[in-house]
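In what follows, every chain begins at residue 1, and chains take the letters A, B, ... in the order their sequences are listed.
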Amino acid sequence: MHFLNESDPIKPRYIFFHVSSDGCILFRFEYKPKKIKTENGKKAKKRKQEYEDEEEEEEERSTDGSKWKFLEHKGPVLAPPYEPLPGHVRFFYDGKLLRLSAPAEEVATFFAKMLDHEYTTKEMFRKNFYKDWRKEMTSEEKSKITDINKCNFTEMSEYFKAQSEARKQMSKDEKLKIKEENERILQEYGFCVMDNHKERIGNFRIEPPGLFRGRGDHPKMGMLKRRIRPEDIIINCSKDSKHPKPPQGTRWKEVRHDNKVTWLVSWTENIQGSIKYIMLNPSSRIKGEKDWQKYETARRLKKCVERLRAQYREDWKSKEMRVRQRAVALYFIDKLALRAGNEKEEGETADTVGCCSLRVEHIKLYPKMDDQEYVVEFDFLGKDSIRYYNKMPVEKRVFKNLQLFLENKQPEDDLFDRLNTSILNKHLQELMDGLTAKVFRTYNASITLQQQLKELTSPDESIPAKILSYNRANRAVAILCNHQRAAPKTFEKSMQNLQTKIDEKQKQLSATRKQLKGAKTEHKASHDDRSKKMVEVKRKAVQRTEEQLMKLQMQATDREENKQIALGTSKLNYLDPRISVAWQEMLVHCGKAE
DNA sequence: AACATGACTTGTTAGCACACGA
DNA sequence: TCGTGTGCTAACAAGTCATGTT
């Protein structure tokens, strides 16, 4: 298998492959260069030569940190302007009709659209929304509306529901029209030219205004995400390109020509004050190469990981507390694939942690648990407020260190008080060029897939069995990385449906078996050609049904095991596609598998 | 060293198109 | 042909990490 062998890396440009089995088809890291200019005859030939020369040139990326030489695009698609509600849709305050000014009405509709969501019942959400809503009101509205609980948004909500219903009921023709219009916009704004290649842009639409929905217990949930105007937008393109035009009567905040960055458009968002970008699609050269580099770094880690492990084990004994903390944290990152854990500004975001920001309250130590010694129990909210819960027996030395770190601390104190991500990454950088905490996640995810594939699959399995094995290997990675999902709402039902199919298939199987038996008896009696043929036909039918049944059973197992596990993220971001390619090639060479 | 900022990757989910079976 | 379940992508939030500033 390619990932961790010393064999030559496959150039990313030529890989765009994936074992599709559960719907997640995409495996990043490929790109297909697209020639953008076509000419005829001699000129074209010459042009082609130039193009190939450029390709060659492109093989060695520039060393001065520039990301492109030429960049041309049409700019972003702005959010559509607000359309006031028709007159018959009313808003009531304290039981009385109240006509809202357009700005106040717009913000009210944001809330109305979410009325069915449990978000709108949360105190924090309502409070933040109300506060921002008031800012949009006229002074008259402000004096009249003093209590959000007296606001009645139901007519608005009903109106929007009816609208979306009407959209569903549209005729084929109307739907087609919309589709075509979307396609037109995509063709116009969805692509850019970067260094002679036409590239797909990731998200070319500016985020429309609305209410911010943070994840988890977010202190800013419900706040108004304001409308982005051309005056807020920075355009990035090359000087010698045709610059995107702002809408009539407006101007961009700035047009710059910075080829040290990859983004085309940026603006500052008002909730966290952070910058949002429009960048290229994952299929683009610039993303694909970065992706490939990431896995190359992981492969380099493979070569020295044992050395690093020996090193941090040694550091558990260090005289210096900061070194011990660093070493234990690194052990967690390596062993449990925890994220680095940057500090976050308190009160600005949900309270979540990673390795370096773990607090005393997030771990529990058990000198003995059941039949295991030195067990550490982790229980904390990680990225996106996803709970991480795990119990792991650790080496005695780690355990003793942890006890030491906990001494004289309150639950809300940092576990690693002498450590942060910057210190950790600086250390890692010294150990290996380009090494950071997240490389361990990539490395451990990919090596896990590889090991699991080796362990779980055999070339003579049936295709459905191979798919199940592949998914199980993928699942092991997702569990390692704690990629969870809420069990789909329709899970039980779809499981039932599958079970019914299995039952039916089972019945069908016993029926066909019976028929086969009958045919055999008949053949024994008559010994003629016709009955012989019949036996063959029935035998085939039984075989086919057996296969179908097995396939269904495999599917059921797969789905059941996958109930609360999300495979997509690891597939997209952590698994070197070359491993899957190599696995599939191995199967081809070993067996009759396709 | 602490802090701020900027750029980029990683993450979940809502909603929608579309295939599928009744 | 119609509803319905499912897979997929767009949307956008939330991380990581480097770099510059105080």
Original post:
What nucleotide among B:dA7, B:dT12, C:dA11 has an atom nearest to a side-chain atom of A:R205?
Top reply: C:dA11

Original post:
What's the spacing between A:K220 NZ and A:K225 NZ if we round to 0.5 Å?
Top reply: 14.0 Å

**OP:** Ignoring hydrogens and angles, tell me if any N or O in the side chain of A:K260 forms a donor-acceptor pair with the backbone of A:S66 under 3.5 Å.
**Re:** no

Original post:
For the residue pair A:R256 and A:N236, what are the closest heavy atoms and their distance?
Top reply: O-OD1, 3.0 Å

Subject >> Expected output: side-chain A:W68 to main-chain A:V261 donor-acceptor under 3.5 Å >> reply: yes

Subject >> Rounded distance in Å - CG (A:L567) to C1' (B:dG11) >> reply: 14 Å

Original post:
Is the number of heavy atoms from other residues, nucleotides or ligands under 6.0 Å of A:Q187 CD greater than 12?
Top reply: yes

Original post:
Any side-chain N or O of A:K276 under 4.0 Å from OP1/OP2 of B:dA7?
Top reply: no

Subject >> Aromatic ring pairing A:F405/A:F416, orientation class (parallel under 30°, perpendicular over 60°, tilted between) >> reply: perpendicular

Subject >> Contact letters for nucleotides 13-19 of chain B, in which S counts primed atoms plus P, OP1 and OP2 and B counts the base, heavy atoms under 4.0 Å >> reply: S----S-

Subject >> Nucleic acid footprint by protein, nucleotides 15-22 of chain C - heavy-atom cut-off 4.0 Å, B for base, S for sugar-phosphate alone >> reply: SBBS----

Subject >> Interatomic distance, A:I423 CD1 vs B:dA1 P [rounded to whole Å] >> reply: 7 Å

**OP:** Check whether any side-chain N or O of A:R256 sits under 4.0 Å from OP1 or OP2 of B:dG6, and answer yes or no.
**Re:** no

Original post:
NA contact type, A:G202, heavy-atom cut-off 4.0 Å: base, sugar-phosphate, or nothing?
Top reply: nothing

Original post:
When you check the phosphate oxygens OP1 and OP2 of B:dT9, does a side-chain N or O of A:K287 lie under 4.0 Å from one of them?
Top reply: yes

Subject >> Other residues, nucleotides, ligands: >12 heavy atoms within 6.0 Å of A:K175 NZ >> reply: yes

Subject >> A:H73-A:F204 aromatic ring centre distance below 6.0 Å >> reply: no

**OP:** Select one nucleotide: of B:dC8, B:dG11, C:dC12, the one nearest the side-chain heavy atoms of A:P208.
**Re:** C:dC12

Subject >> Option from A:F111, A:Y159, A:F160 for which ring pair (Phe, Tyr, Trp, His ring centres under 6.0 Å) with A:F153 holds >> reply: A:F111

Subject >> Distance in angstrom units between A:L280 CG and B:dA7 P, rounded >> reply: 15 Å

Original post:
Which whole-number value in Å describes the distance from A:N573 CG to B:dT9 P?
Top reply: 10 Å

Original post:
Would you call the rings of A:F125 and A:Y119 parallel, tilted or perpendicular if under 30° counts as parallel and over 60° as perpendicular?
Top reply: tilted

Original post:
5'-most contact on DNA chain B: A:D258 or A:R441, nearest heavy atom basis?
Top reply: A:D258

Original post:
Hey, does the side chain of A:K294 come within less than 4.0 Å of B:dT10's phosphate (OP1/OP2), counting only N and O?
Top reply: yes

Original post:
Taking only N and O in the side chain of A:Y574, is any of them less than 4.0 Å away from OP1 or OP2 of B:dG11?
Top reply: yes

Subject >> Selection: residues 262-271 of chain A, any non-hydrogen atom under 4.0 Å of DNA chain B >> reply: A:T262, A:W263

**OP:** Please state how far atom CG in A:L572 lies from atom C1' in B:dT12, giving the value in whole angstrom units.
**Re:** 12 Å

Subject >> Over 12 non-hydrogen atoms of neighbours within 6.0 angstrom of NZ in A:K344 >> reply: yes

Original post:
Could you state the CD1-P distance from A:I234 to B:dT5, rounded to the nearest angstrom?
Top reply: 14 Å

Subject >> Between C:dT9 (P) and A:I201 (CD1): distance, integer Å >> reply: 18 Å

**OP:** Give a yes or no on whether the backbone of A:T121 and the side-chain of A:E118 come within a donor-acceptor separation of less than 3.5 Å.
**Re:** no

**OP:** In whole angstrom, give the distance that lies between atom CD1 of A:I467 and atom P of C:dG7.
**Re:** 13 Å

**OP:** Please work out if A:Y277 contacts a base, only the sugar-phosphate, or nothing of the nucleic acid, heavy-atom cut-off 4.0 Å.
**Re:** base

Original post:
Would you call the rings of A:Y388 and A:F380 parallel, tilted or perpendicular if under 30° counts as parallel and over 60° as perpendicular?
Top reply: parallel

**OP:** Could you say whether A:Q272 or A:R559 is positioned toward the 5' end of DNA chain C, judged by the nucleotide with the nearest heavy atom to each?
**Re:** A:R559

Original post:
OP1 or OP2 of B:dG11 sitting under 4.0 Å from any side-chain N/O of A:H483?
Top reply: yes

